[in-house]
Amino acid sequence: MKFLKAIPLILFLALTLFSCRSKNSSKISPLAENGVLDLREWNFAEDGIVKLDGEWKFQWMKLAVSRPELGSKDVQTHIVNIPGNWNQIPKLEGMNPLMAFGYGTYTLKIIPGQNQGRLMMHFQGAGTAASIYLDGKKIMGNGVVGPDANSSRPQYLPLYVSIGQPNKEMLLQVEISNFDHYKGGLWESLRMGTEVDLLNFRDNSSFSEMFLFGSIIIMALYHFGLYSLRRRDMTGLFFGAFCASICLRIFVTGERFLILKFPHLPWEFFNKLEYISFYLAVPFFVYYLDALYPHSLSAKLKRLFIGFNLIVSAIVVVTPASIYTHTLIPFQVCLIFIILWIFFVLVRLVKTGAEGSLMALGGVIALTAAAINDSLYSQAVINTGYYLPLGLFVFIFVQSYLLSFRFSQAFLYIERLSDNLLEVNKAYSRFVPLAFLKFLNKSDITEIGLGDQVQREMTILFSDIRSFTQLSEKMTPKDNFDFLNSYMRKMGPIIRKHGGFIDKYLGDGIMALFPSLPDQALDAAMEMLRELESLNQSRADRHYEPIQIGIGLHTGTLMLGTIGEEERMDGTVISDAVNLASRIEGLTKEFHANLLVSESTYRKLKNRRKYSFKKLGKVKVKGKSKSSEVYEVLG
C-alpha cells in the first residue's frame, strides 16, 4: 500500500530527470547586443531553434514602417531587453507606468550564418496588437496596430511564417500598439529555426497542451460523475470544478486553440476567460482541500483568501482590461501566501498521519518546483526548460489519484458494511422470519415500523409436548435447554419444508403459520409425528422414556403485524382463529389424540383422501360460545 501511494512522486521525479537530461544537452541561444543578433556561429540544423532575445532598439510613439509620418524624426532610440514590457523603460515621454497606452517600434538586425537552409519564424504574442516586418515587408501580425484606441484592435494568436533561405543581413521590425492592457510591449520571445524544427515545435506544443487538456477534462468529468452518484461528498464537485477551470485556461493560453477556432470573437472576451479561469481555480482547490480534510484549514484565512479571489474575479467580469489587468500582481502575491498556507497545512497533516496527505503534499511540491523552475529559466538563471505543464499534470494526477484512492476505500468500507448488514439481517431472520417480513411487504427488518399489519387467511399449527413439566423436573436446566433445542432442531425444518414458518416458540410448544394450502400444514404435522417416532426410538436406545406431542390445526383469517412501543416491538398474530387453533391443540389431551383439525381446515383440504379422518363431533372450546366440529387424523 505504501508503494502505491508513492507512485505519483516516483512518476514526477522520473519525468523531471528525463526532461532535464534532454534539455541540458541543447546549446544556449546567443543574445542580441545593441540591436544586433549575430548568428554566424549558430547552425540551425545542428543547434536547433534560436530565441531572438536580448538587446533590441526601441522607438516610442513611432510606427517606423507602416506610418513613418507619425512622430518627430528625431525620436529617441532606446536599447531595451526582449522579452519585456515598455512600462519598465525609463524616460519614455508621456509614459504612465500604471497605464501604458501608446505605440512603438522594436528593431533588430540579424546576421545569418551560412547554409542555414529554409527558415521559419514563430511569434507568440505581444501587448496587445503587433505587426512584424522583415526588410520592410510585413510577414505576420496580430490584430490591428494603430496610433489611437479607435484605430487599434488587440489580438493574441501564435503565428508561424516561413522566411525562406536568407543569405544576407535581415532587418526585423515589430510595431506594437496598446490601448487596452496596463502593460504594453514585446512580452514573448520570437523564435527562428528551420521549418522542420519549428513545425515540430508547434506539433509538440499542440500535442502537449491537448494531452494535458484531454487528461484533465477526463478527470473533471470523472469527478463530476462521482459527485452525481454521491452528493454528500463535495470533494468530487470542487476538484472537478478546479480541473474544468484549468482546462479553460489551457484553451485560451499557449497555442490558444479557442481563439484559433473563433478568431472573430472579441479580444476582451478571451482575455476575461484567461484571467477568470486562473482566479477561480484557487478557491475551487481550497474548497476541495477543505472537503478532503475537514476542519484542517483555518476558517478565517479561508474566508479571507476566497473573499479576495471572488473580489478580483468580480472586477474581471465588470471592468475593462485597462482596469482588471491591474489585479494580476496583487493576485500573484496573494497566491504565494495561499501556497505557503496550503504547504503548512499539508505538512501538519502528514505529521498527524492523515490519509493521503503525503500524496497531496507531493503534488503541491511538484507544482511549486515546476513554477520556480520556469521562473528561473525565463530569467536565464538555469538552462532546463519549461516544466509548468508537467508540474500541473503531476499535481492534478496526484490529486485525482488521491480522490480515487479515497473513493476506493469508501467502496471497500461500504462493501464491508453491506456484508455485515447481510449477516445482521440473517441473524435477525432467526428472530423475525423472512416470510413475516414478506407478508408486511418489507425487504429487511430495518423497514418495519410500529403498527405495520396485514390481514390474511392462513392455517395455524400449534404443537405441544405432553407432560413436559414432569419431564423437565428430572433434568437440569442445561439438559432442559439441550433437549428443547434438539427437539426444535428436528421440527423446524419440517415446517419450512412444507411452506410454513414458525411465528414463535412457546416454551416447549410451537406456533407456525402456513399461508398457502391447509394440505401443507397437514403434511407437515404428519411428518412431525413420524419424526417423533424416530426421535423416541433414539431415546429408547439411550434408555430415555418416550415423549408425546399434540398438534392442532385451524384455518381462518388473522391479523399479522407488530405491537409494542418505539423502543421495543415484536411481531405477532392477533385473531380469534389463533385462539381456536390453540384450544384445538389442547383438546388432544382430552381425546388422547396426536393430531386434531378444525372443521374449517377439514373442508378446505384439497386432497382429503390422502389421510383417514375420524369425526369427533362438535366440541365446545373453552372461551368460545359456539361449538366447533373437530376431526382426528388417523394416518
Side-chain angles (χ1 to χ4, degrees), residues 8 11-12 14-16 18-20 22-23 26 48-49 51 120-125 140 142 155-162 187-191 193-225 239-265 267 269-278 280-281 284-285 363 366-367 370-371 373-374 377-378 384-401 403-404:
L11 175 65
F12 171 72
L15 290 174
T16 302
F18 175 78
S19 301
C20 288
S22 60
K23 289 288 183 180
S26 63
I49 300 170
K51 288 185 177 181
M120 178 175 278
M121 193 169 292
H122 166 236
F123 174 69
Q124 182 64 28
M140 53 183 163
N142 265 338
Q155 189 181 42
Y156 296 151
L157 274 178
L159 303 172
Y160 296 83
V161 175
S162 177
W187 300 342
E188 300 281 349
S189 298
L190 281 84
R191 291 179 174 86
T194 65
E195 289 182 349
V196 173
D197 284 344
L198 268 176
L199 290 177
N200 285 337
F201 172 83
R202 182 189 63 185
D203 292 342
N204 290 337
S205 298
S206 299
F207 173 79
S208 298
E209 290 184 12
M210 291 310 298
F211 172 78
L212 192 63
F213 174 83
S215 302
I216 297 175
I217 197 66
I218 289 174
M219 294 180 190
L221 295 175
Y222 172 72
H223 288 96
F224 281 140
F239 187 71
F242 170 74
C243 291
S245 61
I246 295 298
C247 287
L248 178 60
R249 182 167 177 80
I250 292 173
F251 245 32
V252 295
T253 58
E255 292 298 315
R256 303 185 188 273
F257 296 107
L258 198 61
I259 304 176
L260 286 171
K261 184 66 177 178
F262 305 100
H264 300 298
L265 288 178
W267 170 87
F269 172 73
F270 291 114
N271 205 53
K272 284 181 182 290
L273 287 182
E274 181 178 343
Y275 274 73
I276 205 75
S277 61
F278 187 32
L280 290 182
F284 284 142
F285 183 76
L367 183 60
N373 171 84
D374 284 17
Y377 178 71
S378 65
T384 54
Y386 288 110
Y387 293 113
L388 190 57
L390 173 64
L392 181 61
F393 173 75
V394 172
F395 171 74
I396 293 179
F397 172 77
V398 166
Q399 304 306 322
S400 181
Y401 181 88
L403 278 184
S404 299

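Keep in mind that what you see is a predicted model, and the values were worked out from it rather than measured.
In terms of heavy-atom proximity, Ala244 sits nearest to Ala220 at N-CB, 4.1 Å. Here the closest heavy-atom approach between residue Val394 and residue Ala366 is recorded as CG1-CB, 3.9 Å. In terms of heavy atoms, Phe242 sits closest to Ala281 at CD1-O, 3.1 Å. Heavy-atom minimum distance, Pro263 versus Gln155: O-NE2, 3.8 Å.
Rounding to the nearest 0.5 Å places SG of Cys247 at 4.0 Å from CD1 of Ile217. Here the CD1 atom belonging to Ile246 is positioned 5.5 Å from the CD1 atom belonging to Ile396, to the nearest 0.5 angstrom. The distance from atom CG of Leu198 to atom CZ of Arg191, rounded to the nearest 0.5 Å, is 8.5 Å. To the nearest 0.5 Å, the span separating SG on Cys243 from CG on Leu248 amounts to 13.0 Å.
Scanning for side chain to side chain donor-acceptor pair (under 3.5 Å) contacts around Ser215 gives an empty result, with sequence neighbours left out. Residues passing the ring pair (Phe, Tyr, Trp, His ring centres under 6.0 Å) test with Phe278 are Phe331, sequence neighbours excluded.
Two residues are said to be in side-chain contact when any heavy atoms from C-beta on lie closer than 4.5 Å; Gln124 and His122 meet this criterion. You'll find the side chain of Val161 stays beyond 4.5 Å of the side chain of Phe123, heavy atoms only.
Screening residues 196-219 for salt bridge (charged side-chain N to carboxylate O under 4.0 Å, His left out), with sequence neighbours left out, gives no hits.
Taking the six-membered ring where tryptophan is involved, the planes of Phe395 and Phe285 are tilted, since the angle between them lies from 30° to 60°. The aromatic rings of Tyr401 and Phe397 sit tilted, their planes meeting at an angle between 30° and 60°.
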Please list, one pair per line, the donor and acceptor atoms closer than 3.5 Å that link side chains of residues 269-277 to other protein atoms, with sequence neighbours excluded.
| from | atom 1 | to | atom 2 | distance (Å) |
| --- | --- | --- | --- | --- |
| Asn271 | ND2 | Tyr324 | OH | 3.0 |
| Lys272 | NZ | Val316 | O | 2.4 |
| Lys272 | NZ | Val317 | O | 3.4 |
| Lys272 | NZ | Thr319 | O | 2.7 |
| Tyr275 | OH | His181 | NE2 | 3.2 |
| Ser277 | OG | Leu273 | O | 2.8 |
| Ser277 | OG | Glu274 | O | 3.0 |

Let me have the donor-acceptor pairs involving side chains of residues 251-262, under 3.5 Å, with sequence neighbours excluded, atom names and distances please.
| from | atom 1 | to | atom 2 | distance (Å) |
| --- | --- | --- | --- | --- |
| Thr253 | OG1 | Arg249 | O | 2.7 |
| Glu255 | OE2 | Tyr160 | OH | 3.3 |
| Arg256 | NH1 | Val252 | O | 2.8 |

